[in-house]
Amino acid sequence: MIAALTAIAAQTARLSLRGGGALVGLVFFLAVIVVVPFGVGPDLKLLARIGPAMLWIGALLATLLGLDRLFRDDREDGSLDLLMLSDVPLELTVLAKCAGAWLATGLPLVIIAPVLGLLLGIEPGALLAVAGTLLAGTPALTLIGSIGAALIAALGRGGLIVAVLVLPFTIPVLIFGVSAASALIVGPTPFLPPFLILCALTMASAVIAPLAAAAALRASAD
């Protein structure tokens with residue numbers, strides 16, 4: 001079963017990279033962060049103060065932007081029906097597909113975030129903390145987004161629908177992600193409490209989201 005789940009995750013990551021969805025998310029993330037200094041101005045202190053929030057908002061939108069095809073392609077070519085009839089529980093299949101989607105879209109955002117943080121005037125010592133919060137929180141964004149992707153799988157259309165559906169449910173992740181990332185830059189809030197809550201949200205999403213997404217896929221198949 002582990003081999004099957006690994007193959008599903010690898011195939012999802014490969015299709016996301018080949019289809020251009022991951023690249024679109026990364027380019028969108030770059031565009032958001034690069035445009036901010038032009039809108040805010042050359043005030044480095046202000047940029048450093050809002051930098052973690054801008055990185056998180058950019059990562060949130062870029063993650064949700066590429067999730068609309070997470071199940072829709074499988075539905076169109078019939079492979080989703082085979083996955084639902086296989087011996088592997090659909091909930092674990094959803095979890096594996098989320099892992100593959102995060103590897104293709106979320107992980108590149110985490111890697112490039114420290115570089116973009118320098119453009120926003122964030123101190124080098126705080127860049128690792130910002131990247132750490134994204135590493136801990138972006139999987140939750142992918143997992144929550146998978147619920148919206150499952151809901152629209154049978155509609156034959158995507159676009160921004162996933163973002164509209166699940167954006168309210170990502171707000172707690174955004175709040176504690178920004179709070180932890182800003183703690184070492186703005187203060188006086190300590191870093192560890194919001195970071196631990198962020199990790200807890202990711203773990204809770206890993207349990208709840210596959211159940212909800214699998215239920216949505218089964219309902220759409222009936």
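Residue numbers start at 1 and run along the sequence shown.
Closest approach of Ala216 and Ala150 over heavy atoms only: CB-CB, 3.9 Å. Residues Ala140 and Val173 approach most closely at CB-CG2, 4.1 Å, considering heavy atoms. The two residues Leu165 and Pro168 make their nearest non-hydrogen contact at O-CD, 3.8 Å. The two residues Leu103 and Pro108 have their closest heavy-atom pair at O-CD, 3.5 Å. For the pair Ala96 and Ile8, the tightest heavy-atom approach, listed with the atom from each and the gap, is CB-CG2, 4.0 Å.
At least one side-chain heavy atom of Thr105 sits under 4.5 Å from a side-chain heavy atom of Ser16. With contacts defined as side-chain heavy-atom distances shorter than 4.5 Å, the pair Leu120/Leu55 qualifies. Considering only heavy atoms from C-beta on, Leu17 stays 4.5 Å or farther from Leu23 through its side chain. When side chains are defined from C-beta on, Leu167 counts as touching Leu64, because their heavy atoms get closer than 4.5 Å. Residues Leu127 and Val115 are not in side-chain contact: their nearest non-hydrogen atoms beyond the backbone lie 4.5 Å or more apart. Side-chain atoms of Leu109 and Leu134, non-hydrogen and from C-beta on, never get closer than 4.5 Å to each other. Inter-residue side-chain proximity for Leu192 and Pro190 is flagged as unmet; no heavy-atom pair is nearer than 4.5 Å. Counting heavy atoms from C-beta on, the side chains of Leu143 and Leu95 come closer than 4.5 Å.
Between atom CG of residue Asp74 and atom NZ of residue Lys97 there is a gap of 4.0 Å, rounded to the nearest 0.5 Å. Remark: Glu91 CD to Arg218 CZ distance equals 4.5 Å, nearest 0.5 Å. Atoms CG and CZ, on Leu116 and Phe29 in that order, are 5.5 Å from each other to the nearest 0.5 Å. Interatomic distance, CD1 of Ile50 versus NZ of Lys45, reported as 15.0 Å (0.5 Å rounding). The CG atom of Leu5 lies 6.0 Å from the OG1 atom of Thr93; values are rounded to the nearest 0.5 Å. Summarising the geometry, atom CD1 belonging to Ile147 is positioned 13.0 Å from atom CD1 belonging to Ile152; distances are rounded to the nearest 0.5 Å.
Trp56 and Leu128 are members of different hydrophobic clusters when ILVMFWY side chains are connected at heavy-atom separations under 4.5 Å. When hydrophobic clusters are built by joining Ile, Leu, Val, Met, Phe, Trp and Tyr residues whose side-chain heavy atoms come closer than 4.5 Å, directly or via intermediates, Val94 is not grouped with Leu211. Leu196 and Ile175 fall into different hydrophobic clusters, defined by Ile, Leu, Val, Met, Phe, Trp and Tyr side-chain heavy atoms under 4.5 Å apart, directly or through other members. Cluster membership check: Leu118 shares its hydrophobic cluster with Met54, using side-chain heavy-atom separations under 4.5 Å among Ile, Leu, Val, Met, Phe, Trp and Tyr.
Within a 6.0 Å radius of CZ in Phe169, no more than 12 heavy atoms belonging to other residues, nucleotides or ligands are found.
The side-chain hydrogen bond (donor to acceptor under 3.5 Å, both in side chains) analysis of residues 136-149, with sequence neighbours excluded, yields the pairs Trp102-Thr138.
No donor-acceptor pair under 3.5 Å is formed between the side chain of Ser182 and the backbone N or O of Ser179.
Looking at residues two or more places apart in sequence or on another chain, you find no ring pair (Phe, Tyr, Trp, His ring centres under 6.0 Å) involving Phe28.
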Could you pull out all donor-acceptor pairs under 3.5 Å where a side-chain atom in residues 198-209 meets a protein atom, sequence neighbours excluded?
| from | atom 1 | to | atom 2 | distance (Å) |
| --- | --- | --- | --- | --- |
| Thr202 | OG1 | Ala136 | O | 2.5 |
| Thr202 | OG1 | Leu198 | O | 3.3 |
| Ser205 | OG | Leu201 | O | 2.8 |

